[in-house]
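Below, chain A is the first sequence line, B the second, and so on; all start at residue 1.
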There are 2 protein chains.
Amino acid sequence: MATIKDVAKAAQVSVATVSRVLNDTGYVHIDTKTRVTQAMQELNYFPNEVARSLFKRESRLVGLILPDITNPFFPQLARGVEDEIHANGFRLLFGNSDEDREKEMAYLQTFKQNQVVGVIAVTNEPESDLYNDDELPVVFLDRTVPNAPSVFADAMAGGKIAAMELIKRGSQQVTLLKGPAHLQTARQRFKGALDVLTEEGANFHVMSNASFSFQEARKSAKALFQLYPETDGIIASNDIVATAVIHEALRIGKAIPDEVQIIGFDDIPQSELLFPSLSTIRQPAYDMGKEAAKLIIKAIQKQPIDQSVIQMPVSFIERETTRKVDSQ
Amino acid sequence: MATIKDVAKAAQVSVATVSRVLNDTGYVHIDTKTRVTQAMQELNYFPNEVARSLFKRESRLVGLILPDITNPFFPQLARGVEDEIHANGFRLLFGNSDEDREKEMAYLQTFKQNQVVGVIAVTNEPESDLYNDDELPVVFLDRTVPNAPSVFADAMAGGKIAAMELIKRGSQQVTLLKGPAHLQTARQRFKGALDVLTEEGANFHVMSNASFSFQEARKSAKALFQLYPETDGIIASNDIVATAVIHEALRIGKAIPDEVQIIGFDDIPQSELLFPSLSTIRQPAYDMGKEAAKLIIKAIQKQPIDQSVIQMPVSFIERETTRKVDSQ
DNA sequence: TTGAAAGCGGTACCAG
DNA sequence: CTGGTACCGCTTTCAA
């Protein structure tokens, strides 16, 4: 790799001058600029980002911490942030935390050691002092605390919509699958649905399924149909759980959506590919990632931020696990 | 952030000494070592990786280039490499290429500017001079050229197994869905299946579906059942395509697996969650990622590499889109 | 066993 | 308009 010195020598100028044309700062005669530019090309010169970072005390890197890229909700998110930061000349430093505080801390630490300019985190511990560094801009994605710069979906509205759509489509006996208690989104979804069900004076049951894993969800689904065989409408805590419910319904011969309607949350890519395809409450994951990236970029560039808490809208995606409204 | 100078001052030694205890190199008196260590703790000192990288002319970063993290096959790969490099103290610099040469080049360039110690790439252009840099170790994942350090699955064997399993399970009229011609894995799978079908003297058709996208695959699936209604066994070019085939079969009322058996490739996570769940040829994606990471780490550490071309085994995952062998 | 100092590849200030 | 140079934080001779 050629260095700035090599270029300076080739162009017969000082490194200061090369730096000037590189950064387009200060005066430099048009002719020498040409010479320098040529030298750069001939030597296939690209500035060493590390040296730059050292001097400036900041890199062009943004850190992203996700629980697990293998969980189908996160790739969309990741892609959204990556596209946006890439478009702004930043690169992504990435780590899976497995929702483990130690891991999270380790990543954050090394991110800082690499002088990242900002971090975007999907974390269960947004209030921890882990993220309490006023040197380093942080935006929380999907999971958050009040007033922290963050991007998340309107989970409560999602819960409400799910309940309303089920009722509108004629479910009389709804069962609510309550997700992991430590996830605020899950709690909000639950609360939204609960509120509507209560208001509407509907009959319903509540079941906890503490995990989003498919295997766990399977057990919950099985239990659900045994405990509440009269259920004709199910609000699952997310699409994975909804998938397990579909499986169980199919297995025991319940007709979907005629005997039982099912609604999920998230709209992960495979929900469309299920059979029957899953009606669900969509979170705009890709856009959420993008918004988070935009926020962090503004913070990095110290631009004024009008809105640092961004709630994204959710929407009902009607597919085949709910009845058509006309046909009820 | 405290610097090495701060520590030196606090411990009343020179920065050289601090550096020595930091890196455990050279002699340093036990007592001063203690003093230094204490000072580091008190100041919450962590070495600046950027400064280190600059001096050493290499970072602790590994670059990963994938076509698109949103494609369900890749998160597993990514997770495999991330886990392995993380365990070895490296961090991941990540980018989506969309199989676009320009993007790929841009990432590679900035990776180099950030002095990554190695890169792992899923690329269609492994032979391009893009990757022809003898300074920088590269390992190709999933897609490769002969003799380049790489990790990939035995696609040909996969194709063979798929064909054999279908025949063993009684399919008489197989249709082969041929994947994108530019992907070597797709070609190999196809060839493997073709060989077996030919050897066995089976009746079969071939259809091209040039894309792995679900929408395109849908069209191919539709065409397939129109053109070859007698088909009773389908080898799809991957699981996404197989999913589309399942959909179409279900839509037109073909019984799976009784009237038509279907086999996919990859074993992406959702294949298990389909209904009926998909029988498929599994690629050990997570392990492939891990192996690639191990390879790059060896290269980085200049350890001897006995095997730089690693072919991973594939396996038949029997689920519900193929008949049971006993029951035929 | 320790410290001084050069230097990694840039940037930016100050002089000229 | 251009060059000299100090410095970013760390590592590594070299000498003491």
Side-chain angles (χ1 to χ4, degrees), chain A residues 1-40 43-61 89 109-117 135, chain B residues 1-37 39-40 43-61 89 109-117 135-136:
Chain A
M1 284 271 273
T3 75
I4 198 169
K5 272 189 198 165
D6 301 326
V7 176
K9 194 172 296 177
Q12 316 213 56
V13 295
S14 72
V15 295
T17 300
V18 178
S19 179
R20 281 189 202 102
V21 347
L22 199 53
N23 299 289
D24 203 20
T25 103
Y27 299 93
V28 36
H29 190 93
I30 179 71
D31 293 349
T32 79
K33 181 168 181 174
T34 313
R35 273 207 333 278
V36 171
T37 310
Q38 264 185 11
M40 294 205 276
L43 295 172
N44 191 244
Y45 169 76
F46 287 90
N48 182 325
E49 272 302 322
V50 177
R52 279 182 157 175
S53 301
L54 179 58
F55 183 86
K56 298 240 186 123
R57 280 187 226 68
E58 60 176 50
S59 70
R60 300 281 286 169
L61 266 22
Q109 181 57 54
T110 56
F111 285 180
K112 286 180 189 173
Q113 289 178 251
N114 281 284
Q115 297 186 168
V116 299
V117 269
E135 305 280 275
Chain B
M1 285 271 273
T3 73
I4 199 171
K5 270 188 200 165
D6 301 325
V7 177
K9 194 172 297 177
Q12 314 213 58
V13 296
S14 73
V15 295
T17 301
V18 178
S19 179
R20 284 192 197 98
V21 347
L22 200 54
N23 298 289
D24 203 21
T25 97
Y27 299 93
V28 36
H29 191 92
I30 179 71
D31 293 348
T32 79
K33 181 169 181 174
T34 314
R35 275 211 326 281
V36 171
T37 310
M40 294 205 277
L43 294 173
N44 191 243
Y45 169 76
F46 288 88
N48 182 325
E49 271 303 322
V50 176
R52 280 184 155 175
S53 300
L54 180 58
F55 183 87
K56 299 242 186 122
R57 281 188 225 69
E58 62 175 49
S59 69
R60 300 281 287 168
L61 266 21
Q109 181 58 54
T110 55
F111 284 0
K112 287 181 188 171
Q113 289 177 251
N114 281 285
Q115 296 187 169
V116 298
V117 269
E135 305 280 276
L136 183 66

> 5' to 3' on DNA chain C, which nucleotides open and close the contacts with chain A (atom under 4.0 Å from a heavy atom)?
Replying inline: C/dC8 to C/dC13
> Is the distance from OP1 or OP2 of D/dC8 to the nearest side-chain N or O of B/Asn48 less than 4.0 Å?
Replying inline: no
>> With a 4.0 Å cutoff (strictly under), does any side-chain N or O of A/Lys33 reach OP1 or OP2 of D/dC1?
In response: no
> Given axes from five pairs at either end, by how many degrees does the helix from C/dT1-D/dA16 to C/dG16-D/dC1 bend, rounded to 10°?
Replying inline: 50°
>> How many whole angstroms separate atom CD1 of A/Ile4 from atom P of D/dG4?
In response: 14 Å
> How many angstroms lie between CG in B/Leu22 and OG1 in B/Thr37, if you round to the nearest 0.5 Å?
Replying inline: 9.5 Å
> Could you state the CD1-P distance from A/Ile30 to D/dT2, rounded to the nearest angstrom?
Replying inline: 11 Å
> Do B/Gln115 side-chain atoms and B/Ser53 backbone N/O form a donor-acceptor pair below 3.5 Å?
Replying inline: yes
>> For A/Val15 and A/Gly26, find the nucleotide of DNA chain D closest to each by heavy atoms; which residue's nucleotide sits nearer the 5' end?
In response: A/Gly26
> A/Arg35 CZ to D/dC1 C1': how many Å, rounded?
Replying inline: 12 Å
>> Rounded to whole Å, please give me the gap between NZ in A/Lys56 and P in D/dG9.
In response: 15 Å
Could you go through nucleotides 14-16 of chain D and list every protein N or O atom that sits under 3.5 Å from one of its N or O atoms, giving the distance for each pair?
none

>> Within the 4.5 Å heavy-atom criterion, are A/Asn48 and A/Thr3 side-chain neighbours or not?
In response: no
>> Please report the distance, rounded to the nearest Å, between CD in B/Gln115 and P in D/dC10.
In response: 16 Å
> Below 4.0 angstrom from OP1 or OP2 of D/dT11, is there any side-chain N or O of B/Arg52?
Replying inline: yes
> If each of A/Val18 and B/His29 is mapped to the nucleotide of DNA chain C with the nearest heavy atom, which maps nearer the 5' terminus, i.e. the 5' end?
Replying inline: B/His29
> How would you label the contact of B/Thr25 with the nucleic acid (heavy atoms, under 4.0 Å): base, sugar-phosphate, or nothing?
Replying inline: nothing
> Can you tell me how far P of D/dG9 sits from CG of B/Leu54, to the nearest Å?
Replying inline: 12 Å
> Once you round to the nearest 0.5 Å, how far does OH of A/Tyr27 lie from CZ of A/Arg20?
Replying inline: 11.5 Å
> Base, sugar-phosphate, or nothing for B/Val50, non-hydrogen atoms under 4.0 angstrom?
Replying inline: nothing
> Taking for each residue the nucleotide of DNA chain C bearing the nearest heavy atom, is the 5' side occupied by B/Ala16 or by A/Thr17?
Replying inline: B/Ala16
> Hey, does B/Asn114 have a side-chain heavy atom less than 4.5 Å from the side chain of B/Ser59?
Replying inline: no
> Could you give the CG-to-C1' distance, from B/Leu22 to D/dC10, as a whole number of Å?
Replying inline: 9 Å
